[in-house]
Amino acid sequence: MANSKFKIQNLKFGKLWIGIAILIILSPVGLILPELLKAGGAWGEWGADEIEKIAGYVPHGLKKLSELWKAPIPDYAFSGWDKGVKSYTGYIFSGIIGAALVIGISILIGKIFAGKNGNS
């Protein structure tokens, strides 16, 4: 009984992992399509400098907050990997790193709360 429950859970998580892998592999589409369509950067992923180009100014609060945080992997690209196939590969690696962090933190939080309720 416990073994069949484990197999069912593995099937459910197997589909989840496949879905996550597909999304990560497709993530460079967000780079490719704007380039093909000459649409500029991805909508909503603007830095303060891009907002200044678009709107003509940067709101004071945004400018102040943008100085507080520096992304560990700016623009999802590694140094020297900002053009062509390398940028797409960097985007995929960034997706893998980000997904691994989110999944790892979620599992850790789940284990902490499951342990508190005696369900671990």
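Residues take their numbers from the sequence shown, with the count starting at 1.
Separating the CZ atom in Phe93 from the NZ atom in Lys86 is a distance of 12.0 Å, to the nearest 0.5 Å. Remark: Leu68 CG to Lys63 NZ distance equals 13.5 Å, nearest 0.5 Å. Going from atom CG of Leu101 over to atom OG of Ser106 covers 10.5 Å, rounded to the nearest 0.5 Å. Of the inter-residue distances, the one linking Lys15 atom NZ with Ile20 atom CD1 reads 14.5 Å to the nearest 0.5 angstrom. Atoms OH and CG, from Tyr57 and Leu62 in turn, are 9.5 Å apart once rounded to the nearest 0.5 Å.
Tyr91 has its side chain out of reach of Ile24: every pair of non-hydrogen atoms, C-beta onward, lies at least 4.5 Å apart. In this structure, Leu23 and Ser27 have side chains that are not in contact, with every pair of non-hydrogen atoms separated by 4.5 Å or more.
Each of Val102 and Ile92 belongs to its own hydrophobic cluster when Ile, Leu, Val, Met, Phe, Trp and Tyr are linked at side-chain heavy-atom distances under 4.5 angstrom. Note on Leu36 and Val85: separate hydrophobic clusters, where clusters join Ile, Leu, Val, Met, Phe, Trp and Tyr whose side-chain heavy atoms are under 4.5 Å apart, directly or indirectly. Both Ile107 and Leu16 belong to a common hydrophobic cluster when Ile, Leu, Val, Met, Phe, Trp and Tyr are linked at side-chain heavy-atom distances under 4.5 angstrom.
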Practice problem: Please test Ile103 against Trp17 for side chain to side chain contact (heavy atoms under 4.5 Å, CB included), starting from the C-alpha separation and ending with a verdict. | Solution: CA-CA 11 Å; Ile103 291 167; Trp17 296 125; 3.2 Å; yes
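Shown here are the ring pair (Phe, Tyr, Trp, His ring centres under 6.0 Å) partners of Phe78, two or more places apart in sequence or in another chain: Trp81. Residues passing the side-chain hydrogen bond (donor to acceptor under 3.5 Å, both in side chains) test with Glu50, sequence neighbours excluded: none.
Nearest heavy-atom pair, Ala77 versus Ser94, reported as atom, atom and distance to 0.1 Å: N-OG, 4.4 Å.
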